[in-house]
Protein chains: 2
Amino acid sequence: MSRKKIPSIVIPRLSFYYRALLESRGSDFISSEELAKLTGFNAAQIRKDLTYFGQFGIPSKGYKIEDLKQKILNILGTDRKWNVGLVGVGNLGSALLSYRGFAKQGFEIISAFDNDLRKIGKKLEGVEVQDISELSQTVKEKNIQIGIVAVPAIAAQEVINTLIKAGVRAILNFAPIRPQVSNKVELLNIDLSIEVERLAFFLRRGR
Amino acid sequence: MSRKKIPSIVIPRLSFYYRALLESRGSDFISSEELAKLTGFNAAQIRKDLTYFGQFGIPSKGYKIEDLKQKILNILGTDRKWNVGLVGVGNLGSALLSYRGFAKQGFEIISAFDNDLRKIGKKLEGVEVQDISELSQTVKEKNIQIGIVAVPAIAAQEVINTLIKAGVRAILNFAPIRPQVSNKVELLNIDLSIEVERLAFFLRRGR
DNA sequence: TAGATTGTTAATCGATTAACAATC
DNA sequence: TAGATTGTTAATCGATTAACAATC
């Protein structure tokens, strides 16, 4: 699509643009200025972000809302289904299993794994918990493309290695470590400890 | 402490430095170069980050590990306890209630709220679920400083308004919206939808 | 003292935004 | 055509990093 490197910070902004578009009815077109008002981002930034992926706008009119929505869906890859595997069915894992938000965007958790014998074989949200030793084979058989890691810190790196070896190229990691992965793999860390420490810093300062 | 404005990106890096320090034994001192190796950050950046808060190092020796750990704990505000209130005791909320990581860092969830009559009055992880109508009063009575919001998107802004009105100055929001708050309040959004869309983007491109 | 490493300045890099010619 | 808004260039801003004098 484009030759210039796309800064990765652009991607979440596209998601926000899309959300704003969902709520903007009443007109067929929207200008970068209007979208800026709705999202809080700068209008020039919005135009620039979009041109990384093509020329979607019409001078003097703006962007056709329906078209732009489709374009963004397509860019983000949320116009199709993705197979997700969940590793670790503790409290957090169970919450993620039942999180409707994933399925709504086409991310379907089709397999779940744990090493706790009391959990293996149980069915949660229609997904049977498998022994973690079956991870590698199942990933291949079911064409799992995204891994969600919700295991304790101590086990996370090994789980991630196994996922990658089995062919997973995108991982959402909730364990509070920074796993080592090759740059062929997209790894996103959601680290609650780090976030609450940010809050504490602010509270300590803010008075 | 310092007059220059501290870029907020520095704060999570401090958390990572601290984690690395926890694991570095064998010597009393550590150089910025060694810490850089351990964390993957640049040594100059580490030194610069630290000098926002003071001059902790000794030329030719490095940083005294124990001292630096204490300093960072103090800067982050994790050397003390914080009272946390959780709003929304669904799957995610329950997972957060039982997440040991919070308590380990001094963040204690002392109250939980929901509007579901079937949940109100129940005890989870030693915390009784209260009616959300009691939120405001309980926040004041128990001196709740941090709010965690794990309610559906539709309810989030109102819950956040109530928290702020009652005196909460730091909020961790899991609802997939960007709430409007005054700049007196620190708001961190953890938005799973946005994150999985980042993964999908990568998968779509990466081949 | 000589050697090592800090704290800090200055250069570099990359992202944001203002400005405007091109275009509908 | 005149007016509006895009796409894009150039200026600005802020964060990262290399370099080095100061210091133990």
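Just so we're on the same page: letters track the sequence lines, and every chain starts at 1.
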Legend entry - Euclidean distance, atom CG of residue B:Leu50 to atom P of D:dT16 [Å, nearest integer]: 14 Å
Legend entry - Side-chain N or O of A:Tyr63 closer than 4.0 Å to phosphate OP1/OP2 of D:dG7: yes
Legend entry - Dot-bracket pairing map - DNA chain D, Watson-Crick plus G-U, both contacts under 3.5 Å, | cross-strand: ..||||||||||||||||||||||
Legend entry - Whole-Å distance separating the CZ atom of A:Phe53 from the C1' atom of D:dG7: 15 Å
Legend entry - side-chain contact (heavy atoms from CB on, under 4.5 Å) evaluation trace for A:Val139 with A:Thr162: CA-CA 10 Å; A:Val139 163; A:Thr162 310; over 6 Å; no
Legend entry - d(CD1, B:Ile46; P, D:dA18) in whole Å: 13 Å
Inset, instruction - When you get a sec, tell me which of D:dA19, D:dT5, D:dG7 is the closest nucleotide to the side chain of A:Arg47? - result: D:dG7
Legend entry - Trace of the side chain to side chain donor-acceptor pair (under 3.5 Å) decision for B:Gln157 with B:Asn161: CA-CA 6 Å; B:Gln157 180 73 57; B:Asn161 293 347; 2.9 Å; yes
Legend entry - Straight-line distance of A:Leu188 CG to B:Arg198 CZ, nearest 0.5 Å: 5.5 Å
Legend entry - Side-chain N,O (B:Gln55) to OP1/OP2 (C:dG7) below 4.0 Å: no
Inset, instruction - Let me know the distance between CG of A:Asn42 and P of C:dT16, rounded to the nearest Å. - result: 10 Å
Inset, instruction - Could you walk me through whether B:Asn74 and B:Phe53 pass the side-chain contact (heavy atoms from CB on, under 4.5 Å) test, one step at a time? - result: CA-CA 11 Å; B:Asn74 182 259; B:Phe53 305 97; over 6 Å; no
Legend entry - Proximity to the side chain of B:Ala44 - top-ranked nucleotide from D:dT17, C:dT17, C:dT16: D:dT17
Inset, instruction - Compare side-chain N and O positions of B:Ser60 against OP1 and OP2 of C:dT6 and report whether any pair is under 4.0 Å apart. - result: no
Inset, instruction - From the options D:dT17, D:dC24, C:dT16, select the nucleotide whose nearest atom is closest to the side chain of B:Pro59. - result: D:dC24
Inset, instruction - Mind checking B:Phe56 for me? I need base, sugar-phosphate or nothing, with any heavy atom below 4.0 Å counting as a touch. - result: sugar-phosphate
Inset, instruction - Among D:dA15, D:dA18, C:dT6, find the nucleotide with the atom closest to the side chain of B:Ser31. - result: C:dT6
Legend entry - Side-chain ion pair, A:Lys37 and A:Glu34, N-O less than 4.0 Å: no
Inset, instruction - Just compare C:dT16, D:dT16, C:dG7 and give me whichever is closest to any side-chain atom of B:Thr51. - result: C:dG7
Counting only pairs under 3.5 Å, give me each side-chain donor-acceptor contact of residues 8-26 of chain B, with atom names and distances, residues two or more places apart or in other chains.
residue	atom	partner	partner atom	Å
B:Arg13	NE	B:Asp49	OD2	2.7
B:Arg13	NH2	B:Asp49	OD1	3.0
B:Arg13	NH2	B:Asp49	OD2	3.2
B:Ser15	OG	A:Glu197	OE1	2.4
B:Tyr17	OH	B:Asp49	OD2	2.7
B:Arg19	NH1	A:Pro176	O	3.0
B:Arg19	NH1	A:Asp191	OD2	3.0
B:Arg19	NH2	A:Asp191	OD1	2.9
B:Arg19	NH2	A:Asp191	OD2	2.9
B:Ser24	OG	B:Leu21	O	3.0
B:Arg25	NH2	B:Leu22	O	2.8

Inset, instruction - Provide, to the nearest angstrom, the distance between the NZ atom belonging to B:Lys48 and the C1' atom belonging to D:dA15. - result: 8 Å
Legend entry - Whole-Å gap separating P (C:dA4) and CD (B:Glu33): 13 Å
Legend entry - A:Leu35 CG - C:dT17 C1' separation (whole Å): 16 Å
Legend entry - Atom pair CG/CD of B:Leu38 and B:Glu33 - distance to nearest 0.5 Å: 11.0 Å
Inset, instruction - Could you tell me the separation between the CD atom of B:Gln45 and the C1' atom of D:dA19, rounded to a whole number of Å? - result: 16 Å
Inset, instruction - Just compare D:dT16, D:dA18, C:dT6 and give me whichever is closest to any side-chain atom of B:Ser32. - result: C:dT6
Legend entry - Candidates B:Ile144, B:Ile146, B:Val149 - the one meeting side-chain contact (heavy atoms from CB on, under 4.5 Å) with B:Leu163: B:Val149
Inset, instruction - Name the residue closer to the 5' end of DNA chain C, choosing between B:Gly62 and A:Ile9 according to the nucleotide with the nearest heavy atom. - result: B:Gly62
